[in-house]
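Report on the following structure.
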Amino acid sequence: MEYDLFKTLLLNLMDNALKSGTDRINIQGSCEKEQYMISIRDYGRGIPKEDLQKITEAFYMVDKSRSREEHGAGLGLALAVKIAKLHHTELVYESVAGQGTCVSFMLAKEADDEEEET
């Protein structure tokens with residue numbers, strides 16, 4: 001695992017959640033068999049269905065008028081997708097306009113190197 005890149009992935013997803021117009025986000029992790037599931041949920045403005053397929057395109061922004069005030073360039077989710085692929089996972093987006101968005105992904109558990117060496 002590339003820990004610095006993984007940290008960048010989480011920070012980008014949290015930053016987007018905070019920019020959604022909400023005052024709270026939930027970050028949840030759970031263990032499911034041989035994988036970890038991680039999800040980041042916001043309770044903001046949500047993403048319209050017609051825009052959901054485009055949000056990971058570089059420079060794409062659902063509401064371009066907010067980009068300047070929120071210091072965004074439209075690269076965060078495009079970068080997040082690339083980092084997710086490097087970690088053999090994909091980002092899954094669920095969103096309802098006016099209710100918020102949830103981004104989740106699964107990670108395979110890594111073998112404990114110390115246990116293997118002894």
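Atoms considered below: every heavy atom in the structure, side chains included; atoms not considered: hydrogens, waters and symmetry mates.
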When clusters are formed by joining ILVMFWY residues with side-chain heavy atoms under 4.5 Å apart, either directly or through shared neighbours, do [X] and [Y] land in the same one?
X      : Y     : answer
Phe105 : Met1  : yes
Leu13  : Val92 : no
Leu11  : Leu79 : yes
Val103 : Val96 : no

Counting distance only, does the side-chain N/O of His88 pair as donor-acceptor with the main-chain N or O of Leu107 below 3.5 Å? no

Asp42 side chain to Thr101 backbone, donor-acceptor under 3.5 Å: yes

So, for Ile40 and Ala17, which heavy atoms are closest and what is the spacing to 0.1 Å? CG2-CB, 4.0 Å

Mind listing the closest non-hydrogen atom pair of Ser95 and Ile47 along with its distance? OG-N, 2.7 Å

Minimum side-chain heavy-atom gap [X]-[Y] below 4.5 Å:
X     : Y     : answer
Glu2  : His87 : yes
Phe6  : Ile38 : yes
Val81 : Leu91 : yes

Among Asn12, Asn16, Leu10, which residue meets the side chain to side chain contact (heavy atoms under 4.5 Å, CB included) test with Met14? Leu10

List the atom pairs, with distances to 0.1 Å, where a side-chain N or O of residues 23-36 and a protein N or O form a donor-acceptor pair under 3.5 Å, not counting sequence neighbours.
residue	atom	partner	partner atom	Å
Asn26	ND2	Tyr43	OH	2.7

